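To start, the structure under review is shown below, and the notes come after it.
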Amino acid sequence: MSWFQKIKGPLARVGDKKVRIPEGLWIKCEGCKEIVYKKEVERRSNVCPKCNYHFRISARERIAQLMDQGTFEEMDSGLAALDPLNFNDSMRYPDRIKAAMKKTGLKEAVICGQGELEGVPLELCVFEFDFMGGSMASVVGEKVTRAIERSLEKTRSLVIVHCSGGARMQEGMFSLMQMAKTSAALARLSKAGVPYVSVLTNPTTGGVTASIAMLGDVIMAEPGALIGFAGPRVIEQTIRQSLPEGFQRTEFLLEHGMLDMVVERKNMKNTICQVLQMLA
Amino acid sequence: MAAQPIDFEKPILEMETKIEELQQVSRAQGVDLTAEVKRLQKKAKRLRRDIFAKLNRWEQTLLARHPERPYAEDYIKLMMTDFVELHGDRLFGDDHAVIGGLARFEGKPVVVIGQQKGRSTKQKIYRNFGMPHPEGYRKALRLMKMAEKFNRPVITFIDTPGAYPGLGAEERGQAEAIARNLKEMATLTVPLISVVIGEGGSGGALGLGVGNRVLMLQYSVYSVIMPEGCASILYRDSGLAAQAAESLKLAAKDLKEYELIDEIVKEPPGGAHRNHQMAASILRRVIRRHLAELICFSPQELIKQREQKFRNFGQYMET
């Protein structure tokens, strides 16, 4: 028999009393690392209210932000990838495609179609980064080329919103050749005097930058987007030194004369409209 | 000429040395070894044929990068006359990784442009390992526009690991320089023939490669990404480059099969580095044939042919 008797039961564990916060009500901003109220972020078209960081948005959301309600008509949505190289990888290419389809609900990394922006009719292509990093292969190249050709045929302005890591490895040289294919189509559009506005969002790199993205009559970019030819890691490995702050960001490109303007998301629709009304 | 043989070349080279030794002995001592030499030569030929028939894609990549392989400058010297090199992009500087100028091909003036690698360490650095900066692409475009103005055909030699990924290159718009070349080449009013003579490294290669005809030397490679880069992304290990090379299907033979290039240009036995003269003379004949065809096209037909050719690239299904 012990000298002292336990008269109280064990203390209640702290966890039991914890106030439960519904999942996903608050999010951490990737720019300023602050915790921000998700609804507030969403109200500002997915821009951080504290630091103006532009969160990445899906292609569908972008279309909803840019197009007048109910005017967008998607085209060529039936195009899907094949595996021309029978690409050997830790995961089979067709399986990667299937996973990306499941994740995004899309068949490929770009949505193309026609619609109206403040009443201005146009052809719109929007890259979806969540579909294999928005990479360009046969389907993306074909869909974009068809959009350019429709634009040419109907003398209707073209807007492409980029968000891509570049050419897709899994289709090898078929992917690389899409750069030439889309650029050649843009050359025809340019000769015909149809305006093309290129919008660069975070990130726009590699083969997409080195073809369609840099060929706009007017090139706009969202603040703070990574834009370049080679990725920052590749450059660091090549020159063996760390890169300066802000290197390859929108503001850096503006400073070096590679962009026409930096446009915040909330002004994007208006700015495109303004430009197109004066060009088209 | 076999300064640094690749592993699979070694048995062939060993046998060749043996044959040479035998010939020397025979000469020095007056012994008749003709029969033996002939037998060995036959054997060496068979060995080389067997080895080269079974080259995998990684071995072919190594051949494409062989330091003794003829470079753009060598081809210009061997198959053209009166080469006048022209320098600079008139905007920023002169890129030593790209050479270009006027020359006579079969007696007729052409504009020739090529990515240039170096052989000695000093030369390699001077040529930036054949990796152009934006100035290189802009110089190339300036020369193509000159060709257009004076109605001269353009011949480009592609041989680069890729466009240079560096600070200055990004600052001065590497992406813009390549993009502009793709667009401008598409509407060039003169015949444009592009030949991959060694390494065709991604966008950096394509920046000179939107030709009416795109040819590849037998052991050259052309890829969306170099095998080392692909391996480090896919397998997180650049040492698995050989595996990546197989996946990427970057050999001339693959690209011809996919109909992404027009023709494979044969190389001398053992590869172009074994006989520069012969490699150049085979290539000269092929270019001459294509040029003779293209010369008959009107400017409009040339643009249309180029556009349609690139328009058809891509494999997909439609539902």
Side-chain angles (χ1 to χ4, degrees), chain A residues 76 78-82 84-85 87-90 137-139 141-142 145 166-181 183-188 190-191 205-207 209-215 227-231 234-235 237-239 243-244 247-248 252 256-258, chain B residues 131 134 162-167 169-187 200 202-207 209-210 222-225 229-230 233-235 243-244 246-250 254-255 258 260-261 303 306-307 310-319:
Chain A
D76 304 316
L79 263 64
L82 294 171
L85 265 54
F87 197 83
N88 174 22
D89 185 357
S90 53
S138 297
V139 174
E142 180 66 21
T145 305
R168 190 179 296 164
M169 283 185 291
Q170 286 85 348
E171 288 187 34
M173 283 299 288
F174 284 101
S175 299
L176 192 77
M177 288 304 176
Q178 302 309 312
M179 291 169 65
K181 173 167 146 182
S183 300
L186 281 175
R188 272 182 285 158
S190 183
K191 287 241 153 113
T205 58
T209 322
S211 57
I212 36 179
M214 293 310 290
L215 292 175
I227 302 161
F229 174 67
V234 176
I235 299 174
Q237 279 165 10
T238 310
I239 62 172
L243 298 169
F247 180 66
Q248 291 186 312
F252 173 93
H256 285 87
M258 297 299 151
Chain B
M131 292 187 281
Y164 187 63
L167 272 174
E170 293 289 328
E171 282 178 337
R172 300 193 294 277
Q174 187 75 284
E176 193 274 345
I178 293 172
R180 181 178 298 256
N181 277 18
L182 301 182
K183 183 179 164 192
E184 295 294 334
M185 274 188 278
T187 53
S202 193
L206 191 61
V210 187
Y222 198 175
S223 182
V224 66
I225 182 170
C230 177
I233 295 172
L234 282 187
Y235 321 122
Q243 199 180 320
E246 285 303 314
S247 294
L248 286 166
K249 308 271 196 298
L250 42 62
D254 299 316
L255 278 113
Y258 297 136
L260 292 171
I261 59 161
I303 295 172
R306 217 180 287 126
E307 273 173 358
F310 284 87
R311 177 66 187 85
N312 292 331
F313 289 157
Q315 283 192 10
Y316 50 86
M317 57 179 162
E318 195 159 11
T319 48

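Keep in mind that what you see is a predicted model, and the values were worked out from it rather than measured. Numbers restart at 1 for each chain; the letters A, B, ... are given by sequence-line order, proteins then strands.
If you measure heavy-atom distances from A:Met179 to chain B, the contacts under 4.5 Å come from both the backbone and the side chain. For A:Gln170, the part lying under 4.5 angstrom from a heavy atom of chain B is the side chain only. Of the atoms belonging to B:Ile225, it is side-chain heavy atoms, and not backbone ones, that fall under 4.5 Å from chain A. When heavy atoms are compared at a cutoff of 4.5 Å, B:Arg306 does not approach chain A at all. Of the two parts of A:Leu243, only the side chain, counted from C-beta on, holds a non-hydrogen atom closer than 4.5 Å to a non-hydrogen atom of chain B. Only the backbone of A:Ala81 comes within contact range of chain B, with heavy atoms under 4.5 Å apart. In this structure, the portion of A:Ser190 lying under 4.5 Å from any heavy atom of chain B is its side chain and not its backbone. When heavy atoms are compared at a cutoff of 4.5 Å, B:Ala163 approaches chain A by way of both its backbone and its side chain. For chain A, the nearby parts of B:Leu167 are the backbone and the side chain; heavy atoms of each come within less than 4.5 Å.
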Kindly determine whether A:Thr209 and B:Gln174 satisfy side chain to side chain contact (heavy atoms under 4.5 Å, CB included), including the steps that lead there. CA-CA 9 Å; A:Thr209 322; B:Gln174 187 75 284; over 6 Å; no
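Distance alone, capped at 3.5 Å, places no donor-acceptor pair between the A:Thr205 side chain and the A:Gly228 backbone. When atom types are taken as modelled, the side chain of B:Gln243 and the backbone of A:Asp89 share no donor-acceptor pair closer than 3.5 angstrom. Remark: side-chain polar atoms of B:Lys183 are not paired, donor with acceptor, to backbone N or O of A:Leu186 under 3.5 angstrom. Distance alone, capped at 3.5 Å, is enough to place a donor-acceptor pair between the A:Ser138 side chain and the B:Gln315 backbone. The closest donor-acceptor contact from the side chain of B:Glu170 to the backbone of A:Ala230 lies under 3.5 Å.
Of the listed residues (A:Pro84, A:Ala213, A:Ala184), the greatest number of heavy-atom pairs within a distance under 4.5 Å of chain B belongs to A:Pro84. Comparing A:Ala80, A:Ala187, A:Gly172, A:Ser183 by how many heavy-atom pairs each has under 4.5 Å with chain B, the most go to A:Ala80. Most heavy-atom pairs under 4.5 Å with chain A, from the set B:Gly162, B:Ala177, B:Ser223, B:Gly229: that is B:Ser223. Looking only at heavy-atom pairs under 4.5 Å with chain B, the residue among A:Thr145, A:Ile212, A:Val234 that has the most is A:Thr145. Your options are A:Thr238, A:Ile239, A:Leu85, and the one with the most heavy-atom pairs under 4.5 Å with chain B is A:Leu85. The candidate from A:Arg168, A:Met169, A:Lys191 with the greatest count of non-hydrogen atom pairs under 4.5 Å with chain B is A:Met169. Of the residues considered (B:Leu234, B:Val210, B:Asn181), B:Leu234 shows the highest number of contacts with chain A, using heavy-atom pairs under 4.5 Å. Annotation: maximal heavy-atom pairing with chain A below 4.5 Å, among B:Glu246, B:Glu176, B:Arg180, B:Glu171, occurs at B:Glu171. Ranked by heavy-atom pairs under 4.5 Å with chain A, the first of B:Leu248, B:Ile233, B:Asp254, B:Leu250 is B:Leu248.
We find the CE-CG distance between B:Met185 and B:Leu206 to be 6.5 Å, quoted to the nearest 0.5 Å. Of the inter-residue distances, the one linking A:Arg188 atom CZ with B:Thr187 atom OG1 reads 11.0 Å to the nearest 0.5 angstrom.
Between B:Ala186 and B:Ile303, the shortest heavy-atom distance links the atoms O-CG2, 3.7 Å.
Using cut-offs of 30° and 60° for the angle between ring planes, the A:His256 and A:Phe252 rings count as tilted.
Between A:Glu142 and B:Arg311 there is a salt bridge, since at least one side-chain N of the basic residue sits less than 4.0 Å from a carboxylate O of the acidic one.
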